[in-house]
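Written below as structure tokens is the structure these notes are about.
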Amino acid sequence: MTKKKKVQWFWMWVIGSVTLRLILVYFPRNLNLSSRPEVSTPLTSLRRLAEGYWLKRSSMSPYAGSMYHGSPLLLALLGPLTVTRIEGQPDQLLCSLVFVIADVISATLIRAAGRSLQAAYSSSLKVLGLHQLSETSEVLPSGDFAALVYLWNPFTIIACVGLSTSAIENLVVVLSLYGACKRLASLAAFGWVLATHLSFYPSILIIPVILLLGYGPDAPPRKLFQRRIKLEVGNSSSIGSDHLKEELKDQSSMLKVFAWRLVVHFLIWILLWSSYVLVLCGIYLQKHGGLQELYRRTYGFILTIPDLSPNIGVLWYFFAEVFDFFRSFFLMVFHGNILLMIMPLALRLNHRPCFLAFVYIMISSLLKSYPSVGDSALYLGLLGLFSYELKDIRFSFLLFAGYVGVSLLSPVMHNLWIWRGTGNANFYYATAIAYALFQVALVIECVNCMLNHDRMVTKLTTTKLKDAKS
Amino acid sequence: MAEAKTHNNSNKPRPRILIYLAIQIITHSTIVSVICFIAGIVALLLLPVLAKNTYISENALMPGSATNMLSSHDVAEANKLVKDLTDLKLRSNGSPIESRKLIAQYMLGLDAEVTYHNFYPQLNQFHPLHFFTSPDSSIISKNISCASIGINTVGIIRAPRGDGKEAIVLVTPYNPKKVVLGEALSLGVAYSVFSLLSRVTWLAKDIIWLVADSQYGEYSSVSAWLREYQAPQFHRVVVNSETCNESSTIEGNLYSGFRRAGTIAAALVVKIAEDGNHFDDSLNIYAEASNGQMPNLDLINIVNYLAVHKQHLRIKVSKMWSLLGSKWLNTLGVFWECIGQYARRLNPQWKFGIPANEYVEGTATLASSMYYQGLGVPTGPHGAFRDYQVDAITVEISPKVSPTKMNRHIDFIFRGGRLIEGVVRSINNLLEKFHQSFFLYLLTSPSKFVSVGVYMIPFALLGAPLPIVAASLYMFSSKATPQAPVASEVDFSLESWKWINSAKKVFVIHLWGVAVSLLPYFLCRIPGLTPTNNLTVWGSFAVLSLVILFSMLGYPTSVAVPSEAEKREWANLKSVTLSAIFIGLSLMSVINFATAEIGALLIVPFCLMARPLMLDIQARSMRTLLLATCNLALGFIAFPPCAFLLLKSAFDSSGGYNISDYWNWMESLWAWNSATYLYIGIVHLPCWALCIHILFHPS
């Protein structure tokens with residue numbers, strides 16, 4: 001009964017958020033969001049995309065003049081929409097509609113993924129014998145919750161109304177995670193290939209996606225299952241029921257086995273999809289330097305950070321200040337920073353691949369070369385997926401107030417620096433640092449809380465096992 | 001090792017020193033906040049003592065290093081212009097075209113490039129988002145009739161040594177329909193300088209002389225010209241040319257387009273006061289632009305330096321006159337003086353303390369400086385320049401006797417002209433934009449200032465208790481909740497997310513604040529409402545919607561016996577409210593510091609003290625009753641209309657105030673796009689409402 005009610009409300013909320021977006025879309029001039037540095041980075045700005053499309057139409061390379069740095073596919077998809085105008089309507093109405101639809105699809109995908117995650121988690125808790133825990137884990141509809149957080153997050157709304165292509169980038173990331181949760185190798189591969197193609201950083205998501213496909217969705221640590229099964233096998237052998245024994249053996253084999261076949265499928269699909277995407281891009285850019293140009297202008301642009309216009313990240317200021325001969329060294333350091341964290345996290349959190357993906361997304365959006373609020377929108381939405389596990393997170397209010405404060409202060413500081421001239425770049429950069437600090441605090445608290453949750457589950461199962469033994 | 005381990009295990013792990021300190025501060029939040037608040041007020045009162053002498057920070061300026069070149073010929077010509085203008089008034093009864101022609105002719109006589117700039121005065125409109133957007137060129141009022149055209153006369157001298165990339169602007173507001181002698185004299189002063197500058201060889205920046213048509217206000221004409229200069233508009237409003245043939249009658253040899261010089265380095269608005277001050281020739285400086293922005297301090301410094309040291313003018317900035325006579329301020333000044341003397345006796349190196357009368361004057365100036373910055377309304381046409389990052393001030397020369405009774409205009413023009421010449425020459429030396437000196441400062445006298453580093457201290461001290469008390473209340477509310485019985489293996493309580501409910505409430509009330517502050521926008525569309533009516537409609541809407549909101553949010557009166565958790569709810573709510581006001585105040589301190597400071601003085605004590613009256617009444621001790629009355633009084637003071645009327649009655653001795661003044665005041669705030677209006681509507685009012693809600697919370 002309660003569940004049904006929840007669902008009803010859910011669609012009401014979705015419709016509400018769409019209405020809000022549509023209302024805001026009708027005031028593009030007053031809000032002027034698409035020119036804000038928080039929303040449109042060189043990679044996600046629709047104005048740059050329109051420029052690239054114009055260049056392409058006048059049979060030049062869309063990458064000429066260092067204006068556009070996105071994917072040719074996006075150009076082919078959104079480009080025609082940037083030039084179609086409807087009389088009496090805002091200029092970029094069709095593009096905005098595409099972004100609104102993308103947001104809604106992402107939200108529904110998050111919801112579906114969340115539901116399957118929750119079901120899997122509660123059943124795995126049941127396998128461990130923690131029935132009460134499994135019941136409480138179902139109280140909070142984390143999928144619905146995450147979807148609504150994603151839709152109603154002001155960051156998402158601003159990114160959507162501000163005509164930033166991050167809505168689509170987020171959509172393909174979510175698509176990949178959804179495919180992996182539902183164990184659809186082709187869909188996961190499709191999402192991953194597109195996400196990597198569009199914004200490069202999601203390429204590190206290959207690890208969590210493989211883990212998701214191999215081991216299945218998030219569950220308590222695997223050794224607990226092994227212990228449990230060992231015990232039950234022992235018990236059942238003492239009891240001597242052959243039927244039960246076999247069932248348990250099946251279960252144990254299922255838990256132990258890494259689904260190699262699915263992963264191989266996934267890798268084959270990746271090959272197929274990426275070659276498909278590359279062929280398409282190659283055809284599109286045939287006369288303009290081909291794939292080499294594509295790599296140089298998109299991945300090269302992301303990795304070497306030549307555009308130092310201010311954004312909410314921490315790198316622009318640093319690379320504006322650093323001496324030129326140290327530049328390549330620090331480029332390696334900063335990108336290495338992300339890579340450095342991949343392995344330890346993968347080892348520690350390999351039983352929770354979805355959460356691992358969340359942590360990766362968060363770290364990459366923190367250390368990205370051109371971050372925007374759209375990236376924060378994605379990880380804050382995914383955060384809702386773990387609302388049960390993270391319910392005891394510390395400093396939640398402090399983090400919330402910090403996010404609110406920084407996101408209000410940042411435009412004011414920008415105004416002080418750019419329009420009034422009474423402040424300087426340090427003012428704005430200070431808010432960027434504060435924002436980064438809050439992000440770091442959030443990711444640390446999340447991981448900490450998740451590990452605590454694991455400890456709690458471990459403790460409960462071991463006591464249970466002891467009880468069972470004695 | 002093992003021993004140490006067991007020892008550690010047996011005891012509770014000792015918290016780290018930082019965390020220990022934080023916990024200590026939070027647990028003693030009452031004392032800490034009282035100390036911080038008092039220290040904040042003391043620091044605020046100390047500001048005039050801590051003010052530093054101004055100094056010219058940019059070396060390139062070199063004010064007064066060259067001898068004045070203004071010759072008697074220039075002045076005689078200028079005097080002739082003044083005479084011609086006044087004669088014109090007598091002869092043709094002040095036809096605006098004639099006087100405009102006359103000025104243009106004089107300008108042409110100096111080989112200047114002269115153009116007319118037609119503009120349509122804009123009605124002041126409410127743009128709530130104006131602060132966050134760039135200066136907008138696309139706002140234009142819809143119905144333009146020809147009668148409402150204003151015409152600025154602009155003369156430009158090209159610098160012989162410059163590359164035409166930079167310019168200095170002289171502005172003289174002038175109403176051609178009603179010529180008064182003061183304005184004519186200011187034209188004369190500007191003309192004398194202009195005439196000199198057309199000959200000199202050292203000029204490196206172009207000079208623009210803007211005779212601003214002030215029949216629709218000085219500000220709107222200057223801002224219209226600046227808008228055209230900085231952000232030209234390509235789709236012009238077509239005005240019916242038949243009815244507007246007035247502008248086409250202007251002689252044909254003038255260039256009809258809009259002429260530009262380079263980037264504007266600085267601007268000076270020159271005015272002559274209409275009535276004499278009976279003391280001495282003096283100079284008033286007005287510097288406040290919109291939202292408390294100030295021009296670079298160096299600009300004020302050079303004017304101050306030249307006026308005092310070269311032209312021997314008394315220089316003045318505005319003061320709160322009512323503070324000058326106040327006894328308690330004088331006592332305080334004497335007290336600081338005593339402390340200063342004592343300090344000097346201890347160590348002659350300590351330069352602390354100023355004479356009492358100087359302290360009183362400094363405080364009055366500081367209060368006025370803070371008031372005008374906090375108001376966020378520009379104090380003159382110079383305010384329009386600041387929107388384009390151009391430093392500008394208004395200098396108003398106020399002669400000893402009224403210009404009409406002045407027998408020798410020549411001397412006066414000579415003096416004024418030399419001052420302006422010196423300032424222009426000094427700015428002409430600039431190699432870069434003004435950037436060296438301060439932008440964020442408060443003046444305590446024309447030659448003393450308090451910089452941002454100092455005046456932030458009182459505000460920081462006032463604001464510091466907010467997060468501390470919020471944290472302590474948060475801890476209190478989460479600690480006090482009765483632990484769920486540990487019978488079950490897991491207690492499913494969202495312990496860490498309890499603030500969500502309060503945050504929801506605070507958010508809704510802030511939305512209410514947004515709605516309330518947008519309402520006047522619609523009210524003004526209804527014609528024929530008096531200020532009192534408007535205010536009544538506004539107030540009743542606000543109260544009604546607030547009541548409805550509270551009933552929707554579940555005002556806890558319906559609960560007969562509040563449970564333990566509900567009792568603690570107010571603490572949680574207060575902690576969220578405090579965080580909200582903290583964020584709001586820190587935001588406002590970046591946008592407009594003075595507003596935040598005044599706002600903090602009003603709202604912080606109330607926010608900190610607010611606690612349910614029921615608690616105090618139930619306790620029935622002397623202390624709690626005192627607390628309750630204190631709360632009620634503070635709540636009364638913090639209510640914006642009350643605060644406005646109280647402050648008005650305290651500082652404005654003219655008397656005769658009624659409630660409709662509040663509407664007029666608010667109207668002026670939003671008409672000037674002041675961020676103060678948004679602060680009152682979106683930060684102050686909702687937080688006040690929430691605190692009142694806490695005050696009447698049943699627990």
Side-chain angles (χ1 to χ4, degrees), chain A residues 27 29-33 35-36 125 130-140 387-388 390-424 427 430-431 445 449 453 456-457 459-461 463-464, chain B residues 127-136 138 289-296 386-391 433-435 438-440 452 467 470-471 474 478 488-500 502-503 507 572 575-576 578-580 582-584 586-592 675:
Chain A
F27 299 101
R29 259 175 200 291
N30 296 29
L31 294 169
N32 211 5
L33 281 176
S35 59
R36 302 286 322 165
L125 283 177
L130 304 170
H131 295 281
Q132 203 158 4
L133 210 59
S134 128
E135 264 166 38
T136 52
S137 78
E138 276 178 340
V139 170
L140 216 62
S387 46
Y388 169 65
L390 299 181
K391 68 181 163 46
D392 291 326
I393 190 167
R394 291 184 304 163
F395 308 127
S396 55
F397 179 56
L398 183 72
L399 287 169
F400 174 77
Y403 264 80
V404 170
V406 167
S407 51
L408 290 175
L409 205 59
S410 163
V412 172
M413 289 296 193
H414 188 259
N415 178 282
L416 209 65
W417 171 31
I418 299 292
W419 292 113
R420 291 218 211 163
T422 46
N424 53 38
F427 285 47
T431 59
E445 280 308 316
C449 193
H453 180 79
M456 194 262 293
V457 172
K459 210 168 133 193
L460 286 177
T461 34
T463 47
K464 265 253 158 88
Chain B
H127 308 292
L129 286 172
H130 182 88
F131 175 77
F132 288 108
T133 51
S134 47
D136 196 356
S138 60
S290 58
N291 285 320
Q293 300 178 75
M294 297 293 275
N296 198 295
R386 189 63 237 176
D387 292 343
Y388 301 93
Q389 292 196 24
V390 178
D391 297 292
K433 234 168 93 76
F434 274 114
H435 68 281
F438 294 90
F439 282 104
L440 307 169
V452 56
Y474 188 78
S478 54
S488 65
E489 53 187 7
V490 221
D491 51 329
F492 188 78
S493 60
L494 291 171
E495 195 54 48
S496 137
W497 295 93
K498 269 179 27 150
W499 53 269
I500 286 272
S502 311
F507 178 69
N572 214 323
S575 121
V576 179
L578 286 179
S579 318
F582 181 66
I583 292 174
S586 17
L587 262 185
M588 200 57 212
S589 75
V590 178
I591 297 169
N592 187 346

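Numbered from 1 within each chain, the chains take letters A, B, ... in sequence-line order.
- Residues A/T422 and B/R386 are in side-chain contact: their nearest non-hydrogen atoms beyond the backbone lie under 4.5 Å apart.
- For A/R420 (side chain) and B/I591 (main-chain N/O), a donor-acceptor pair under 3.5 Å exists by modelled atom type.
- With sequence neighbours excluded, no residue forms a side-chain hydrogen bond (donor to acceptor under 3.5 Å, both in side chains) with B/Q389.
- Taking CZ of A/F400 as the start and CD1 of B/I500 as the end, the distance is 6.5 Å to the nearest 0.5 Å.
- Proximity to chain B is absent for every atom of A/L398, based on heavy atoms less than 4.5 angstrom apart.
- Considering all non-hydrogen atoms of both residues, A/G421 and B/F439 come closest at O-CE1, 4.1 Å.
- The structure places CG of B/L440 at 7.0 Å from CG of A/L416, a figure rounded to the nearest 0.5 Å.
- Rounding to the nearest 0.5 Å places OG of B/S589 at 8.0 Å from CG of A/L409.
- Residues passing the side-chain hydrogen bond (donor to acceptor under 3.5 Å, both in side chains) test with A/T463, sequence neighbours excluded: none.
- At least one side-chain heavy atom of A/F397 sits under 4.5 Å from a side-chain heavy atom of B/V576.
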